[in-house]
Amino acid sequence: MNFLINAVLKGIKQLYNEDVTESVINIQDTRKEFEGQLTIVVFPIIKYSKKSPEATASDLGEYLVEHVEEVVSFNVVKGFLNLSIANHYWSDLFNNELLDPTFGTFKPNGKRVMVEYSSPNTNKPLHLGHVRNNLLGYAVAELLKANGYEVYKVNLVNDRGIHICKSMLAWQKWGNNETPESACLKGDHLVGKYYVIFDKEYKKEIESLKQEGQTEEAAKKNAPLIKEAQKMLVDWESGNKEVISLWEKMNSWVYAGFDVTYKNLGVDFDKYYYESNTYLLGKGTVEEGLEKGVFFKKEDGSVWIDLTEDGLDQKLVLRADGTSVYITQDLGTAQMKYDDFNMDQSLYVVGNEQDYHFKVLFLILEKLGKTWANGLRHLSYGMVDLPSGKMKSREGTVVDADDLIAEMVVTARQKTEALGKVNNFPEEEKENLYYQIGLGALKYFLLKVEPKKRLLFDPSESIDFQGNTGPFIQYTHARIKSLLSKANYTKQPTVNTMDLLITETDLIILLSKYPIEIEAAAKAYSPAMLSNYLYEVAKLFNKFYHEVPPIVKEEDNQQKQFRLNLSSVTAHVLKAGMSILGITVPERM
RNA sequence: GCAUCCAUAGCUCAGCUGGAUAGAGCAACGGUUUUCUAAACCGUAGGUCAUAGGUUCGAAUCCUAUUGGGUGUACCA
């Protein structure tokens with residue numbers, strides 16, 4: 001496209017004797033209803049031409065046809081100059097760039113980025129909200145990798161605190177030494193079960209205290225169970241052996257359970273951090289802030305920062321008794337992560353209910369003069385809601401991650417079997433295929449929506465397998481693979497003199513945008529952008545596939561080779577792009 | 001109250017830094033298989049881009065206000 005921009009710049013210079021910047025040149029795809037492939041919007045140029053849009057477009061059109069070999073003809077519609085570009089330009093572009101094995105890959109850019117995602121609590125199993133987080137985090141990490149970043153995926157596990165003590169206490173009281181083995185339950189589900197039991201019993205206590213005349217607030221504080229849980233937390237912090245060993249045991253159950261879910265989701269981490277190791281961090285940072293005068297101390301000894309000038313509030317960073325709050329830890333953890341990895345950028349994949357927290361966190365670090373603070377980003381995403389409202393673990397109104405995955409695989413099996421195309425596949429391949437398709441549908445469903453938008457999930461309406469879906473793209477890939485193998489395809493460039501169908505040039509143009517899309521999606525931290533692009537590619541390929549006569553039987557060898565090349569590049573783009581989204585594409589289905 | 005995000009077809013969503021008559025999928029209706037995979041393709045129908053102003057040659061896109069919804073505004077994490 002650069003040849004065109006330069007030519008237009010030269011044209012403006014020659015026609016109107018004006019030097020203009022590139023930003024004046026606005027090139028876009030020609031709309032389907034007009035002739036041509038590329039369109040120049042001339043409105044920004046009329047300032048310099050001092051002529052009407054139509055006259056300017058004609059001037060430029062004539063100039064380009066005369067001086068630029070690739071431009072064969074033009075037409076003008078209002079202020080739009082539509083250009084027909086020579087076939088050989090597209091053929092050359094295809095042969096030289098798209099067919100190159102390195103097409104769509106980026107060289108290392110020397111930048112490091114950390115992506116923190118998942119960050120589960122160890123008192124309950126993962127649900128649909130976590131699934132969105134995990135898929136998003138993984139995909140963004142892969143997207144950055146594809147752009148040449150050196151990426152570290154980290155998981156900061158919230159493995160301590162009052163919520164875990166609740167599960168522990170309930171297990172102690174009502175668990176009868178139940179284990180995942182004895183209960184035949186995944187460890188995270190077993191621990192989650194006791195979290196729910198705690199809540200039920202706790203509520204009972206609150207009710208009876210209220211009947212005795214206490215207010216709701218007082219009852220919540222005075223219930224024996226919550227007091228016991230609080231005592232357990234104190235015992236944990238003071239290193240009580242019994243409590244610690246119970247904590248270790250139950251956490252290990254949970255981790256075993258999480259590992260299974262992570263494996264099924266296909267996500268992974270380069271490093272785990274645990275809050276039990278980091279919860280005391282940050283006090284040094286508070287000291288530092290006091291010395292620098294960024295923080296101030298109130299009479300009771302609590303430490304604050306005043307952010308009112310930045311449109312925020314006063315924010316506590318250390319309690320009067322010297323203990324930490326959430327943001328204290330995060331200040332310390334941010335410093336530690338930077339010390340560990342020395343990264344240029346750090347992404348926190350966390351739900352949008354923490355927008356305010358991260359705004360404050362980043363602002364504080366900036367005020368503390370941390371040079372790395374401007375590389376911090378909160379990748380905020382919307383909640384996943386059910387038609388009935390918000391998911392709540394304590395009340396059991398959640399879509400469980402493991403259940404959902406299992407359901408998706410079952411649905412994939414049913415749909416695949418109903419089509420009857422895989423009956424002769426080996427059993428193992430079939431199982432793997434159902435898993436690929438089920439997960440592909442789920443992942444694509446969650447990733448195709450812009451992260452910041454909230455997502456409504458209706459469990460009664462199953463996730464689609466047709467149209468703008470993961471399986472559609474997987475199917476397109478499998479179809480191409482089958483075509484290539486039937487044709488005994490080997491890659492080889494073709495001559496550039498043959499005629500191209502409109503759909504073929506369209507496909508070349510769309511495919512050639514793959515690197516640009518990868519770059520734009522990474523810049524926006526948006527797997528959704530990539531998803532939608534891949535869908536466009538698959539759709540256009542299917543149109544092409546239906547339009548041309550059977551390629552395998554094509555007698556013109558150059559024609560046949562070109563169409564196979566085109567199919568092959570399409571398959572390559574689909575596979576590479578889907579892989580960034582964490583979705584595998586089958587060879588056949 | 002204040003802050004912040006969202007609002008596009010019946011439903012789920014695209015629409016990049018403002019560009020032509022706002023696009024897909026699902027659902028509905030009709031069609032395509034003696035030819036490479038019909039999880040596909042083609043067509044019909046479906047819109048006051050929440051509302052009202054403003055900026056501009058040009059606004060779904062930018063600005064302001066209003067309405068509706070989400071989230072936050074804890075010495076919880």
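All heavy atoms count here, side chains included; hydrogens, waters and symmetry mates do not. Residue numbers start from 1 in every chain, and the chains themselves are labelled A, B, ... in the order their sequence lines are given, proteins ahead of strands.
- Pairing partner, B:rA22: none, since no Watson-Crick or wobble contact has both distances short of 3.5 Å.
- Which of B:rU21, B:rA77, B:rC36 sits closest to the side chain of A:Lys78 comes down to B:rU21.
- Taking only side-chain nitrogens and oxygens, A:Arg31 comes nearer than 4.0 Å to OP1 or OP2 of B:rA20.
- Distances shorter than 4.0 Å separate some side-chain N or O of A:Arg479 from OP1 or OP2 on B:rA38.
- A:Thr469 contributes no side-chain N or O that forms a donor-acceptor pair with the base of B:rA39 under 3.5 Å.
- The partner of B:rA14, taking Watson-Crick or G-U wobble pairs whose two distances both stay under 3.5 Å, does not exist in any strand shown.
- As judged by a 4.0 angstrom heavy-atom cut-off over every strand, A:Val325 is placed among residues touching the sugar-phosphate backbone only.
- The ring of A:Tyr545 does not lie on top of the base of B:rC41; it is either too far (5.5 Å or more) or too tilted (30° or more).
- At a threshold of 4.0 angstrom between heavy atoms, the contacts of A:Thr476 with the nucleic acid are absent.
- Between A:Phe198 and A:Tyr195, the distance separating the two ring centers is not shorter than 6.0 angstrom.
- When both distances must be under 3.5 Å, the Watson-Crick or G-U wobble mate of B:rA3 is B:rU71.
- Ranking B:rC36, B:rC57, B:rA20 by closeness to the A:Ile551 side chain, first place goes to B:rC36.
- Straight-line distance between the C1' atoms of B:rG30 and B:rU48: roughly 30 Å, to the nearest whole Å.
- With RNA chain B read from its 5' end, the first of the two nearest nucleotides for A:Pro549 and A:Ile162 is the one closest to A:Pro549.
- In this structure, CG of A:Asn82 is placed 16 Å from P of B:rG19, rounded to the nearest angstrom.
- Among the atoms of the strands shown, base atoms are found under 4.0 Å from some heavy atom of A:Val548.
- Across A:Val140, A:Leu156, A:Leu136, A:Asn133, a single residue satisfies side chain to side chain contact (heavy atoms under 4.5 Å, CB included) together with A:Tyr117, and that is A:Asn133.
- With a 6.0 Å radius and a threshold of 12 heavy atoms from other residues, nucleotides or ligands, A:Glu237 has its CD atom above the threshold.
- With hydrogens and angles left out, the side chain of A:Lys421 and the base of B:rU37 share a donor-acceptor pair within 3.5 Å.
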Under 4.0 Å protein heavy-atom contact, by nucleotide of nucleotides 60-65 of chain B - B base, S sugar-phosphate only: ------
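- The base of B:rC16 does not come close enough to the side chain of A:Asn532 for any donor and acceptor atom to sit less than 3.5 Å apart.
- One interatomic measurement links the two molecules: NZ of A:Lys543 to P of B:rG23, which rounds to 15 Å at whole-angstrom precision.
- Taking the ring axis of A:Tyr279 as reference, the NZ or CZ atom of A:Arg160 stays within 45° of it and closer than 6.0 Å to the ring centre.
- When Watson-Crick and G-U wobble pairs are counted only if both distances are under 3.5 Å, B:rC41 pairs with B:rG31.
- In this structure, the side chain to side chain contact (heavy atoms under 4.5 Å, CB included) partners of A:Ser380, at least two apart in sequence or on a different chain, are A:Asn352, A:Asp355, A:His378.
- Using the Watson-Crick or G-U wobble rule with both distances under 3.5 Å, B:rA65 pairs with B:rU51.
- Cation-pi contact between A:Lys297 and A:Trp304: absent, since separation from the ring centre below 6.0 Å together with deviation from the ring axis within 45° is not met.
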Worked verdict on A:Trp247 versus A:Tyr274 for ring-ring contact (aromatic ring centres under 6.0 Å, His included): CA-CA 13 Å; A:Trp247 173 76; A:Tyr274 298 93; 8.8 Å; no
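- If you take CD of A:Glu547 and P of B:rG43, they are 10 Å apart, rounded to a whole angstrom.
- When each of A:Leu38, A:Val76, A:Ile40, A:Thr39 is paired with A:Asn82, the side chain to side chain contact (heavy atoms under 4.5 Å, CB included) condition holds for A:Thr39 and for no other.
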